[in-house]
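Proteins get letters first, then strands, A, B, ... in listed order; numbering begins at 1 in each.
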2 protein chains.
Amino acid sequence: MERNPTTYAILGILAIHPNQSGYEIRKTVQQSVGFFWGESYGQIYPTLKRLAAEGLIVLSAPVDVKEKTRRKEYSITPAGKKRLQAWLAVPFRDDPPRDEFLLKLFFASDAGPGVALEQIRRFQEKNRRMLAMLLELQKLGLARSSHYPGFPYWMLTLSYGVGQLKTAIAWSDMAMAAVKGLEWG
Amino acid sequence: MERNPTTYAILGILAIHPNQSGYEIRKTVQQSVGFFWGESYGQIYPTLKRLAAEGLIVLSAPVDVKEKTRRKEYSITPAGKKRLQAWLAVPFRDDPPRDEFLLKLFFASDAGPGVALEQIRRFQEKNRRMLAMLLELQKLGLARSSHYPGFPYWMLTLSYGVGQLKTAIAWSDMAMAAVKGLEWG
DNA sequence: ACACACATGTAATTGGTTACATGATTTC
DNA sequence: GAAATCATGTAACCAATTACATGTGTGT
């Protein structure tokens with residue numbers, strides 16, 4: 001069983017919203033699952049080619065062969081949907097989750113409280129920005145897409161993100177206070 | 001500036017606890033930062049060789065050349081410490097954080113509530129196990145290593161993990177209830 | 001005219017896992 | 001004497017980023 005997640009990110013996006021080009025797929029990824037997933041063109045275009053060769057997706061509009069830079073729309077096939085469904089049922093990979101911020105914080109005594117403080121500040125800022133985005137998305141989602149069958153699941157991932165970010169922001173306040181305490185003590 | 005994080009994970013571990021072999025470094029990584037970082041032998045051994053060639057670490061005990069499978073202890077050099085410190089001050093990389101669980105949940109309407117429910121259940125189980133481990137670590141840490149200069153930072157990363165896991169576990173209860181609602185509606 | 005968004009793709013490189021190969025030491 | 005743990009390393013492969021190269025369409 002193929003388990004390259006890029007494959008399934010693309011299939012999943014095309015299952016929700018067909019007739020998209022590689023360019024559009026990337027944008028859709030950013031706008032929908034961007035807070036926990038990313039795809040680069042270097043992954044997307046070769047993967048689209050491969051998926052088409054495997055019959056999991058098809059070109060859904062005729063392409064003018066003469067024009068090289070023209071838009072190529074893809075849609076998912078029944079075979080592609082089947083593959084996506086099979087993958088969805090497989091237990092998620094409990095991969096080693098690498099967090100560079102935490103790694104720096106863990107070793108921070110080698111650099112001093114000033115450095116630690118600055119990293120935590122940046123971390124909090126990033127999380128505040130992300131939280132604002134997710135809350136906006138939540139509002140827009142409720143207004144626009146509550147009729148889609150995927151809607152409840154989209155909202156669940158959003159509420160997960162909101163919860164994690166709020167926890168992280170509160171922790172940052174506590175952590176900054178703790179590190180400031182080290183500067184004096 | 002080199003930014004391969006494996007480099008700094010190793011330097012950081014050796015800064016805290018010198019005279020470790022590749023084998024031991026891996027174990028130390030698992031036991032200290034394992035809940036947010038991982039390293040495989042395939043990364044560790046070649047990296048150790050490279051770091052030694054660059055003078056960032058040194059063999060800290062004589063190695064019997066005749067014996068091939070003998071333990072090689074490394075320690076960090078002043079140059080290595082400097083490199084580690086420089087890296088600690090660089091803003092953490094805000095890399096695209098990929099979460100396969102959330103990706104599966106996001107697309108779950110293509111597979112149905114049963115599949116979603118099972119994934120969430122597994123997610124919660126995993127988080128419960130992790131939380132138990134972290135709470136244990138917290139207790140042990142307080143008893144054993146509160147005198148180390150890195151201790152406050154270690155506790156901060158732990159309390160971050162505990163907070164995130166508790167939030168995730170509470171969310172899972174909510175999410176499972178929501179998905180069960182979909183099965184009936 | 002210029003900038004910016006649209007659009008597709010490849011090549012080089014990096015970073016990492018996994019499987020393989022080997023052997024010593026300890027514990028039951 | 002078998003199994004587990006200690007111990008080091010390489011090779012094959014996979015996934016992904018980044019930089020590069022090219023060109024069109026739209027708006028100011």
Review point. A/Val33 versus B/Leu102: any side-chain heavy-atom pair under 4.5 Å?
Key: no

Dump the pairs, protein N or O against N or O of nucleotides 18-21 of chain D, anything under 3.5 Å, distances to one decimal.
none

Review point. Between C/dT18 atom P and B/Ile44 atom CD1, what is the distance in whole Å?
Key: 14 Å

Check your understanding: Got A/Val29 and A/Ile44 here, is their nearest side-chain heavy-atom distance under 4.5 Å?
Key -> no

Check your understanding: Any side-chain N or O of A/Arg71 less than 4.0 Å from the OP1 or OP2 oxygen of C/dA7?
Key -> yes

Point to revise | Listed once per pair and sorted, the side-chain hydrogen bond (donor to acceptor under 3.5 Å, both in side chains) pairs that draw on residues 104-114 of chain B, sequence neighbours left out | key: none

Exercise for review: Starting at atom CG of B/Asn4, determine the distance to atom C1' of C/dG15, rounded to an integer number of angstrom.
Suggested key: 7 Å

Practice item. Only counting residues at least two apart or in another chain, list the ones meeting ring-ring contact (aromatic ring centres under 6.0 Å, His included) with A/Phe36. Key: none

Check your understanding: Atom NZ of A/Lys72 to atom C1' of C/dG9: distance rounded to whole Å?
Key -> 8 Å

**Study point:** Contact list for residues 152-171 of chain B, test side-chain hydrogen bond (donor to acceptor under 3.5 Å, both in side chains), sequence neighbours left out
**Key:** A/Ser159-B/Trp171, A/Thr167-B/Thr167, A/Trp171-B/Ser159

Exercise for review: Quickly work out the A/Gln30 CD to C/dA5 P distance and round it to whole Å.
Suggested key: 13 Å

**Study point:** Sorted by number, the residues of residues 8-29 of chain A with heavy-atom contact under 4.0 Å to DNA chain C
**Key:** A/Ser21, A/Gly22, A/Tyr23, A/Lys27

Study note, to complete from the structure: When rounded to whole Å, the CG to P distance for the pair B/Asp95 and D/dA15 reads 19 Å

Study note, to complete from the structure: Residue set satisfying salt bridge (charged side-chain N to carboxylate O under 4.0 Å, His left out) with A/Asp94, at least two apart, ordered chain then number -> B/Lys126

Review point. Listed by chain and number, what are the salt bridge (charged side-chain N to carboxylate O under 4.0 Å, His left out) partners of A/Arg121, not counting sequence neighbours?
Key: A/Glu118, A/Glu125

Donor-acceptor pairs are to be reported for all side-chain atoms of residues 139-150 of chain B against protein atoms at under 3.5 Å, with residues two or more places apart or in another chain.
from	atom 1	to	atom 2	distance (Å)
B/Ser145	OG	B/Gly141	O	3.3

Review point. In residues 45-57 of chain B, which residues come under 4.0 Å of DNA chain D by heavy atom?
Key: B/Tyr45, B/Lys49

Practice item. Tell me, please, which residues at least two apart from B/Arg50 pass salt bridge (charged side-chain N to carboxylate O under 4.0 Å, His left out). Key: B/Glu2, B/Glu54

Check your understanding: Which residues pass the salt bridge (charged side-chain N to carboxylate O under 4.0 Å, His left out) test with A/Arg93, sequence neighbours left out?
Key -> none

Check your understanding: Which residue pairs pass the side-chain hydrogen bond (donor to acceptor under 3.5 Å, both in side chains) test with at least one member in residues 75-91 of chain A, sequence neighbours excluded?
Key -> A/Asn19-A/Ser75, A/Ser60-A/Ser75

